[in-house]
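Notes follow the structure.
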Amino acid sequence: MAPTPPLESSSVSLEGLLQAVSFLESIHAAVGLVPTGVLVSLMQWGGRTHFLLAIVRQIPEVQSHPSVFITFTAWCMSEVIRYSHYALSCIRICPWWLTYLRYTAFIFLYPIGVAPGEMWLMYEALPFVKERNLYSNFFNKFPISYYSFLVALLMCYPILWLKLYLHLFKQRRSKLGRQQRKKQL
C-alpha cells in the first residue's frame, strides 16, 4: 500500500490556527467566563497543540499513521458533544440525555484519544525527531534535546492524563449528581 501524501499545508495551517485560537478557552477560564480551572484548561490546550503543531505538522511520515485518525476522531466526538451541550444549555433547552452524554462519553473517548492516539503517535515519531534533531535551534538553549523532552513527556503523560481524567470524573459527579437531585425534587 502506497503511503498517504502529507497533509496539505493550507489545511494544517488552518487547523494550527484554529488550535491556537482555542487558547481562548484558557483565557475564558482565567477571567471567570467559564467555570473551568485554568491549569486543567492549559494542560489540555498544551497537549493538543503540541500533538498537532509540533508532531503531526512537522513530521510528514506520521501524518497517515492510524493514531492520527484515532486521536482526531476522539477529539471531534468529544467536542461535538461538549459544544452541543454548551450551546443548548445557554438557551436552556438541553435535553437530559445530552447532559448525561456530555459527562459520560469521556470515560471511553479520553483513554482512546490518549493511549492509542496521542502517545502512540509520539512514540512512533521518536525516530524521526532524533534523526532530524527536530527543534534543535530552540532546544540548544537547554540542557536537553527535543528528543529527550519527548521521551520525558511520554513517561509523564500517564500521570498528567490521570490528573485530567480524574478532574472529569469530579465534574461528572458534580453535574450528574445535581441532575439527579433536580429529578427527585
Side-chain angles (χ1 to χ4, degrees), residues 3-4 6-7 9 11-30 34 36-79 81-82 105-172:
T4 305
L7 296 173
S9 62
S11 65
V12 174
S13 295
L14 176 62
E15 180 61 36
L17 173 67
L18 294 175
Q19 186 59 37
V21 169
S22 72
F23 182 69
L24 287 172
E25 285 195 42
S26 298
I27 293 172
H28 294 161
V34 293
T36 302
V38 178
L39 181 60
V40 169
S41 176
L42 280 172
M43 285 174 63
Q44 182 172 341
W45 176 82
R48 285 185 175 191
T49 302
H50 174 259
F51 176 85
L52 181 66
L53 301 181
I55 304 288
V56 176
R57 184 175 185 191
Q58 298 301 321
I59 306 172
E61 293 86 350
V62 301
Q63 291 174 358
S64 61
H65 198 274
S67 59
V68 175
F69 175 77
I70 292 167
T71 302
F72 287 172
T73 300
W75 286 1
C76 289
M77 290 175 71
S78 64
E79 296 304 333
I81 294 166
R82 190 166 69 111
F106 79 88
I107 294 171
F108 62 91
L109 287 175
Y110 210 18
I112 289 170
V114 169
E118 296 172 38
M119 289 182 70
W120 184 22
L121 187 75
M122 283 190 273
Y123 177 77
E124 291 293 323
L126 285 172
F128 302 107
V129 169
K130 189 172 192 172
E131 173 188 311
R132 295 177 189 149
N133 200 14
L134 207 57
Y135 305 115
S136 59
N137 288 342
F138 177 78
F139 275 86
N140 279 341
K141 302 170 185 125
F142 304 101
I144 64 168
S145 65
Y146 179 66
Y147 175 84
S148 300
F149 168 79
L150 199 54
V151 169
L153 181 62
L154 277 168
M155 289 191 290
C156 294
Y157 226 75
I159 297 163
L160 298 171
W161 171 80
L162 186 60
K163 178 176 177 38
L164 293 172
Y165 196 56
L166 293 175
H167 173 74
L168 292 173
F169 273 103
K170 184 179 173 186
Q171 278 187 319
R172 182 178 195 272

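This is a predicted model, so every value here is computed, not measured.
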Reported CD-to-CD distance for the pair Glu61 and Glu131, which is rounded to 0.5 angstrom: 7.5 Å
Nearest atoms (heavy-atom pairs only) where Tyr146 meets Val129: CD2-CG1, 3.4 Å
Side-chain heavy atoms of Ser78 within contact of Phe106, under 4.5 Å: no
Within-4.5 Å side-chain heavy-atom neighbours: Leu154 and Leu126: yes
Over 12 foreign heavy atoms within 6.0 Å of CE, Met77: no
Atom CZ of Phe69: over 12 foreign heavy atoms under 6.0 Å: no
Distance, nearest 0.5 Å, that separates CE of Met119 from OH of Tyr157: 8.0 Å
Reported CG-to-NZ distance for the pair Leu168 and Lys163, which is rounded to 0.5 angstrom: 11.0 Å
Least distance between heavy atoms, Ala125 atom then Ile55 atom: CB-CG2, 3.9 Å
Euclidean distance, Ile27 CD1 relative to Ser22 OG, rounded to 0.5 Å: 10.5 Å
Main-chain N/O of Ile107 paired to Tyr165 side chain as donor or acceptor, under 3.5 Å: yes
Minimum-distance pair of heavy atoms, taken over all atoms of Ser67 and Gly117: CB-O, 3.3 Å
side-chain contact (heavy atoms from CB on, under 4.5 Å) between Leu109 and Trp75, intermediate numbers included: CA-CA 8 Å; Leu109 287 175; Trp75 286 1; over 6 Å; no
Cationic N near anionic O, under 4.0 Å, Arg48 to Glu25: no
Side chain proximity check, Pro111 to Trp161, heavy atoms < 4.5 angstrom: yes
Any side-chain heavy-atom pair of Ser41 and His28 under 4.5 Å: no
Residues, nucleotides or ligands: over 12 heavy atoms within 6.0 Å of Tyr123 OH: no
Heavy-atom side-chain proximity of Tyr147 to Asn133 below 4.5 angstrom: no
His65 vs Trp120 side-chain heavy atoms within contact, under 4.5 Å: yes
Step-by-step side-chain contact (heavy atoms from CB on, under 4.5 Å) determination, Gln58 to Tyr135: CA-CA 10 Å; Gln58 298 301 321; Tyr135 305 115; 2.8 Å; yes
Gap between atom CG of Leu160 and atom CG of Leu153 - 0.5 Å precision: 7.0 Å
Under 3.5 Å donor-acceptor, Tyr110 side chain and Leu164 backbone: no
Audit row: Phe72, Leu52, side-chain contact (heavy atoms from CB on, under 4.5 Å) steps and yes/no: CA-CA 10 Å; Phe72 287 172; Leu52 181 66; 3.7 Å; yes
Val62 vs Val68 side-chain heavy atoms within contact, under 4.5 Å: no
Sub-4.5 Å side-chain heavy-atom contact between His50 and Leu150: yes
Chi angles and distances behind the side-chain contact (heavy atoms from CB on, under 4.5 Å) call for Ile59, Glu124: CA-CA 10 Å; Ile59 306 172; Glu124 291 293 323; over 6 Å; no
